[in-house]
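Residue numbers begin at 1 in each chain, while the letters A, B, ... track the order of the sequences.
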Amino acid sequence: MRVRFAPSPTGHLHIGGARTALFNWLFARHHGGAFILRIEDTDRSRSTDETITSIVDALGWLGLDWDEGPPAPGYRQTERMDLYRAHAARLLAAGRAYYCDCPPEMLERERQEAERRKETFRYSGRCRGRGLTMGALRLRIPAEGATVVNDLIHGPVTFEHRQLDDWILVRTDGTPTYNFCVVVDDVTMRITHVIRGNDHLSNTPKQILCYEALDYLVPEFAHVSMILGADRRRLSKRHGATSVQAFREAGILPEAMVNYLARLGWAHGDQEVFSREDLVELFDIKHVGASGAVFDQAKLEWLSQEYVKRLPAADLARRLGPFLAAAGLVPRETPGWLEGVVETLRERAKTLVEMVERGRFYFERPAGYDPKPAPKFLTAEGARRLRLLAERLAADRVFTAASIEAVYRGLIEALGLTLVDLAQLTRLAVTGTTASPPIFDVLALLGREETVARLATARAVAEAVR
RNA sequence: GACCCCGUCGUCUAGCCUGGCCCAGGACGCGACCCUUUCAAGGUCGAGAUCGCGGGUUCGAAUCCCGCCGGGGUCACCA
């Protein structure tokens with residue numbers, strides 16, 4: 001079995017394209033077939049090498065590796081012009097295609113006329129029997145009968161031939177049209193299953209007729225539904241982030257993206273979390289739903305955190321690296337330190353970006369104190385407590401979460417306080433806010449010196465208030 | 001407009017082929033409570049779907065049949 005993903009490089013890889021790519025990849029891996037990447041860059045003006053690179057990067061990030069495709073030559077339509085020419089010649093020689101010299105203005109007039117009569121415009125077939133030797137090349141469509149697309153997701157879909165017209169294979173300037181390229185490419189790449197977006201379903205009968213005219217075997221088709229925005233309209237930039245790149249930058253984990261995309265339209269009973277191996281093993285194109293699916297960022301983020309929670313600390317720490325760098329934060333060199341930090345943050349971050357924000361205080365001193373709780377804690381009494389805390393912590397040689405806790409327990413005992421009082425005061429002093437991971441872990445990670453220094457700073461502020 | 005696709009909690013879905021186990025199950029989100037040094041995480045409970053609507057078949061329909069409505073896609077010498 002051979003499948004392909006054929007994006008046109010007109011921008012970043014879109015979420016919908018990513019899902020189509022994923023379904024193709026899963027299908028290939030599940031059946032031990034080949035996954036091919038082909039770049040549909042016929043429309044040169046809109047294609048750039050940057051966008052191709054961007055798509056390739058996005059697929060790489062998602063872990064969708066291809067068995068055939070770039071950078072090997074021959075997988076970009078612009079490199080395959082000879083193939084299209086040869087197939088066009090065959091069609092012409094076999095009488096399955098003919099030249100048409102109807103001027104565009106005339107066709108445009110007919111189109112408007114048809115529109116006025118509230119009819120679908122279809123080419124009249126004026127040049128069918130004229131035996132011209134130049135012009136645009138059109139495919140001769142049988143007038144009678146119907147073509148049925150046996151879609152793996154939708155079941156049989158019938159199209160009457162009278163709804164179709166003799167479409168253009170090759171333009172007057174000699175360039176092949178998209179629908180023709182697709183057929184030639186799929187056929188010459190020996191694609192057995194065409195899994196693509198639902199928006200191509202209507203084009204499929206035209207393509208099938210072309211396969212038949214070429215006397216080729218028709219592949220199987222599976223048309224995946226569209227991804228919709230909250231307003232149930234096709235997902236677009238208007239709905240916010242839609243490129244894979246954007247989610248990557250937002251710190252979503254790729255395994256979450258893959259898991260989420262797979263679950264969007266496909267299900268395996270009640271299971272929600274699937275490893276890549278699970279997906280490869282369980283994926284079945286027949287269980288892909290036929291209806292459109294609304295993209296739900298909240299659920300994606302939930303899944304992302306599921307992976308944040310279960311990834312090995314070292315792995316997570318490594319992945320956090322680029323995000324820390326982007327925020328201008330530098331982790332300590334101490335072996336295991338960043339892993340420890342990440343360990344305290346994983347239960348409170350859905351994305352790597354959120355993890356950086358929530359853990360910022362590990363890397364730099366608080367720029368200020370949260371104005372809401374500050375007046376409550378940074379008082380004369382607060383200053384006294386901070387002094388006592390700093391004194392006792394400075395004397396703690398081991399400085400582990402356990403030893404620090406002992407210091408706190410001892411002090412609340414002596415002062416007749418509860419742990420919250422001291423914990424929140426410390427949080428404010430050390431992180432700038434009253435929400436943080438378990439405070440003893442935080443202090444242990446910060447180290448004795450840094451902790452004492454931050455307590456001293458806060459104490460100075462508290463005393464100044466007085 | 002024509003043709004084609006789609007229509008189960010707000011959202012993703014299971015169930016539909018092979019009617020009864022479904023006065024519809026799970027998950028996200030939402031609410032409450034528990035746990036608790038804060039925030040989370042976790043646990044428990046809850047609200048939430050007359051299965052798009054209307055007919056029919058049947059002892060019985062989300063599941064089968066017919067009609068309708070709503071949403072989307074395609075109708076280019078664009079891809």
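- Contacts of A:H200 with the nucleic acid, taken as non-hydrogen atoms under 4.0 Å apart, include base atoms.
- The distance from atom OG1 of A:T10 to atom CG of A:D41, rounded to the nearest 0.5 Å, is 11.0 Å.
- Interface remark: the A:E347 side chain does not form any donor-acceptor pair with the B:rG42 base, using a distance-only criterion of under 3.5 Å.
- A:D270 has its CG atom 8 Å from the P atom of B:rG26, to the nearest Å.
- The side chain of A:K350 places no N or O atom within less than 4.0 Å of a non-bridging phosphate oxygen (OP1 or OP2) of B:rA40.
- For B:rC77, the base has no donor-acceptor partner in the side chain of A:T177 [N/O atoms by modelled type, under 3.5 angstrom].
- The side chain of A:K299 has B:rC12 as its nearest neighbour among B:rC12, B:rC4, B:rC6.
- Using a 4.0 Å heavy-atom distance criterion, A:R232 is classed as a sugar-phosphate-only contact.
- When the nearest nucleotides of RNA chain B are assigned to A:H287 and A:Y178 by heavy-atom distance, the more 5′-ward of the two goes with A:H287.
- Among the protein residues, A:G197 comes within range of no part of the nucleic acid, since none of its heavy atoms lies under 4.0 Å from any strand.
- Distance noted for atom C1' between B:rC53 and B:rC12: 24 Å (whole Å).
- Look at the P atom in both B:rG48 and B:rG55: the space between them is 26 Å, to the nearest Å.
- Close placement of the A:F27 and A:H193 rings is indicated, their centers lying within 6.0 Å of each other.
- Contact check, A:R348 against B:rG42: no side-chain N or O comes under 4.0 Å of OP1 or OP2.
- Checked against the 6.0 Å centroid threshold, A:F295 and A:F247 count as a close aromatic pair.
- Comparing B:rU37 with B:rA27, their P atoms sit 29 Å apart, to the nearest whole Å.
- Here A:R111 reaches the OP1 or OP2 of B:rC77: one of its side-chain N or O atoms lies under 4.0 Å away.
- Set against B:rU37, B:rU11, B:rA2, the side chain of A:V294 has B:rU11 as its closest nucleotide.
- Note: A:F274 and A:H268 have perpendicular aromatic rings, judged against thresholds of 30 and 60 degrees for the angle between ring planes.
- Separating the OG atom in A:S236 from the CD1 atom in A:I227 is a distance of 12.5 Å, to the nearest 0.5 Å.
- Between A:Q297 atom CD and B:rC28 atom C1' there is a gap of 13 Å when expressed in whole angstrom units.
- If you take atom P in B:rU63 and the same atom in B:rC9, they sit 14 Å apart, rounded to whole Å.
- In this structure, the nucleotide among B:rU37, B:rC12, B:rA14 sitting nearest to the side chain of A:F440 is B:rU37.
- Between A:L338 and A:F363 the shortest side-chain heavy-atom distance falls below 4.5 Å.
- Taking only side-chain atoms of A:W302, from C-beta outward, the nucleotide of B:rG29, B:rU38, B:rA40 with the closest atom is B:rG29.
- Comparing atom distances between the A:S291 side chain and each of B:rA76, B:rC6, B:rG29 picks out B:rC6 as nearest.
- Close to B:rU74, at under 4.0 Å from its OP1 or OP2, lies a side-chain N or O of A:R234.
- Using a 4.0 Å heavy-atom cutoff across all strands shown, A:T158 reaches sugar-phosphate atoms only and no base atom.
- Here B:rG7 sits opposite B:rC69 as a Watson-Crick or G-U wobble pair (both hydrogen-bonding atom distances under 3.5 Å).
- Put simply, CD on A:Q163 is 5 Å from C1' on B:rC3, counting in whole angstrom units.
- In this structure, A:H87 and A:L169 have side chains that are not in contact, with every pair of non-hydrogen atoms separated by 4.5 Å or more.
- Searching all strands for a Watson-Crick or G-U wobble partner of B:rC23 with both distances below 3.5 Å returns nothing.
- Between A:F295 atom CZ and B:rG72 atom P there is a gap of 20 Å when expressed in whole angstrom units.
- A:R427 has no side-chain polar atom (N or O) that falls below the 4.0 Å cut-off from OP1 or OP2 of B:rU37.
- Regarding A:L228, its CG atom lies at a distance of 14 Å from the C1' atom of B:rG70, rounded to whole Å.
- Looking at the side chain of A:D296, the nearest of the listed nucleotides B:rC28, B:rC5, B:rU13 is B:rC28.
- Listed nucleotides: B:rA27, B:rU38, B:rU13. Nearest to the side chain of A:E272: B:rA27.
- Pairing for B:rC75 goes to B:rG1, judged as Watson-Crick or G-U wobble with the two contacts each under 3.5 Å.
- Among B:rC77, B:rA79, B:rU74, the nucleotide with an atom closest to any side-chain atom of A:E40 is B:rA79.
- A 3.5 Å limit on both hydrogen-bonding distances identifies B:rC30 as the Watson-Crick or G-U partner of B:rG46.
- Around the CZ atom of A:R387, the shell of radius 6.0 Å holds more than 12 heavy atoms that belong to other residues, nucleotides or ligands.
- The nucleotide whose nearest atom lies closest to any side-chain atom of A:L201 is, among B:rC4, B:rC12, B:rU37, B:rC4.
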